[in-house]
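Heavy-atom basis, side chains included; hydrogens, waters and symmetry copies ignored. Proteins get letters first, then strands, A, B, ... in listed order; numbering begins at 1 in each.
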There are 2 protein chains.
Amino acid sequence: MKGDDRRELILEAATEVFGDYGYVGTTTAVVAKAAGVSQPYVVRIFGTKQQLFIEVLRRALDILLAAFRAALATDNGQPAGPRIGVAYVDLASQRGLLLSLMHGFVLGKDPVIGAVARDGFLCVYEFLRTEAGFDADEAQQFLSGGMLINTLVGLRMTDDYDTDPRVRELMQAALPEKLDIVLALRESGL
Amino acid sequence: MKGDDRRELILEAATEVFGDYGYVGTTTAVVAKAAGVSQPYVVRIFGTKQQLFIEVLRRALDILLAAFRAALATDNGQPAGPRIGVAYVDLASQRGLLLSLMHGFVLGKDPVIGAVARDGFLCVYEFLRTEAGFDADEAQQFLSGGMLINTLVGLRMTDDYDTDPRVRELMQAALPEKLDIVLALRESGL
DNA sequence: GTCTATATGCGGATAGAC
DNA sequence: GTCTATCCGCATATAGAC
């Protein structure tokens, strides 16, 4: 297999693992096993675990913004806000993607990772304000809802959807009209 | 010094350190140094690092709910929503408290920590719905705003408040009328 | 391009003294 | 109640073969 293909394969595997265990909690050995390669090879390609995580964050952001731009371009009858909102919830089907970002967001203290995470977050904000045409308050509300969704995904709240009425109520309020997608996650092994 | 005093001292120190470096990224040695005791002593008192983190989470939640109840009881002219909201932002002055919770929220995958974190989050939701009298949608909006604030704190966005106009705009939208408090954090060493 | 073998450092936990 | 000394396992990274 060519280098670039392996690289992308490892990035996908790493996104899942980092999402599950966080930056520090993830070992390059587990990433390697998930990608079907040897541990030293992961290090060989990305240099360090830190660099691998940074590339995971950058890739996640690229995918996120690409999905937003696609949703923005697809003009059905809906206004821009709901269209992008639905696109965001759709991304929850790649759990690791949102969770890896979230793990980055709580590491602002780290000089290297923190800088990347801040930059990524602000890129999204800038997209909302300029490309999507949100005003400051709309952007804030959109991001707020997004952070709640991320938190609920991080908490694995979907596990308790059936058994806990509070969970059901909260998720119905937090996920306007896209609940089914998130619930589908449970089926596919969460 | 008596055992219980030392215990609380260590919990305070641990709250700060866990907030900065997360659960896995925190070492008992750093907690010990921050509390001014020896590393084995920390383990001795709490049994394991995991148990220590769980007690940090529980304590953080207790403080959070106590602050909310106090704000609810203090009847100035304001309605309940803004009163509790201000109480929440006030808690940001204890950065580690909100951040430790946030680090717990992204570890839902962990069988032990995840269960504690879910339970804690739902306790807050239940408080909002029953004691504070929020309806489902109000509770969702309150929690959304809270998660955005936590994320901005985790990202250390306050560092860029002066230099980046996007940060200023976003924080002004996210922090209705309590911006000054959060900014005061920067002074005190963030 | 990909592996095996391994050096090295660090962190949680234990033993046991005072 | 609190410490010092230390064991043991694990994770990143390197060396080097194929």
Side-chain angles (χ1 to χ4, degrees), chain A residues 1-57 96 100 103-104 106-107 109-114 116, chain B residues 1-57 96 100 103-104 106-107 109-114 116:
Chain A
M1 186 179 285
K2 273 229 311 280
D4 277 0
D5 292 344
R6 278 266 186 254
R7 198 188 167 82
E8 173 63 18
L9 206 68
I10 294 172
L11 279 175
E12 285 172 23
T15 299
E16 279 305 302
V17 180
F18 278 125
D20 278 346
Y21 304 104
Y23 170 59
V24 189
T26 291
T27 70
T28 54
V30 172
V31 171
K33 174 165 264 187
V37 298
S38 70
Q39 179 267 329
Y41 188 53
V42 172
V43 176
R44 175 76 130 219
I45 290 185
F46 295 93
T48 64
K49 181 172 99 164
Q50 185 181 68
Q51 198 55 39
L52 170 60
F53 186 57
I54 287 172
E55 298 214 25
V56 163
L57 292 182
S100 288
H103 280 288
V106 287
L107 290 182
K109 166 107 178 168
D110 184 287
V112 180
I113 295 173
V116 174
Chain B
M1 186 179 287
K2 271 226 313 277
D4 277 1
D5 291 345
R6 277 265 185 254
R7 198 188 166 81
E8 172 64 17
L9 206 68
I10 295 173
L11 279 175
E12 284 172 24
T15 299
E16 279 305 302
V17 181
F18 278 124
D20 278 347
Y21 303 105
Y23 169 59
V24 188
T26 291
T27 70
T28 53
V30 171
V31 171
K33 175 165 262 187
V37 299
S38 71
Q39 179 266 329
Y41 188 53
V42 172
V43 177
R44 176 76 129 214
I45 289 185
F46 295 93
T48 63
K49 182 173 100 164
Q50 185 181 67
Q51 199 53 41
L52 170 61
F53 185 57
I54 287 172
E55 298 214 24
V56 164
L57 292 182
S100 289
H103 279 288
V106 289
L107 291 183
K109 164 106 177 168
D110 184 286
V112 180
I113 295 173
V116 174

Could you tell me whether the side chain of A:S100 and the main chain of A:T15 form a donor-acceptor pair under 3.5 Å?
-> yes

Are the side chain of A:K49 and the backbone N or O of A:T26 linked by a donor-acceptor pair below 3.5 Å?
-> yes

When rounded to whole Å, the OH to C1' distance for the pair B:Y21 and C:dG11 reads 16 Å

Atom pair distance, as rounded to whole Å: CD in B:Q39 and P in C:dA15 = 14 Å

Taking the side chain as C-beta and beyond, is there a heavy-atom pair between [X] and [Y] under 4.5 Å?
X	Y	result
A:V31	A:V37	no
A:Q50	A:Y23	yes
B:L57	B:F18	no

Quick one: label B:R44 by what it contacts on the DNA or RNA (base, sugar-phosphate, nothing), any heavy atom closer than 4.0 Å.
-> base

Hey, does B:T27 reach any base, or is it just sugar-phosphate, or nothing, if we go heavy atoms under 4.0 Å?
-> sugar-phosphate

Taking atom CZ of B:F46 as the centre, does the number of heavy atoms from other residues, nucleotides or ligands within less than 6.0 Å exceed 12?
-> yes

DNA chain C: 5'-proximal contact among A:K2 and B:K49 (nearest heavy atom) | A:K2

Would you kindly compare A:P40 and B:I45 by the position of their nearest DNA chain D nucleotide and give the one closer to the 5′ end?
-> B:I45

Taking any atom under 4.0 angstrom from a heavy atom of chain A, which nucleotides of DNA chain D are the first and last to qualify, 5' to 3'?
-> D:dA11 to D:dG16

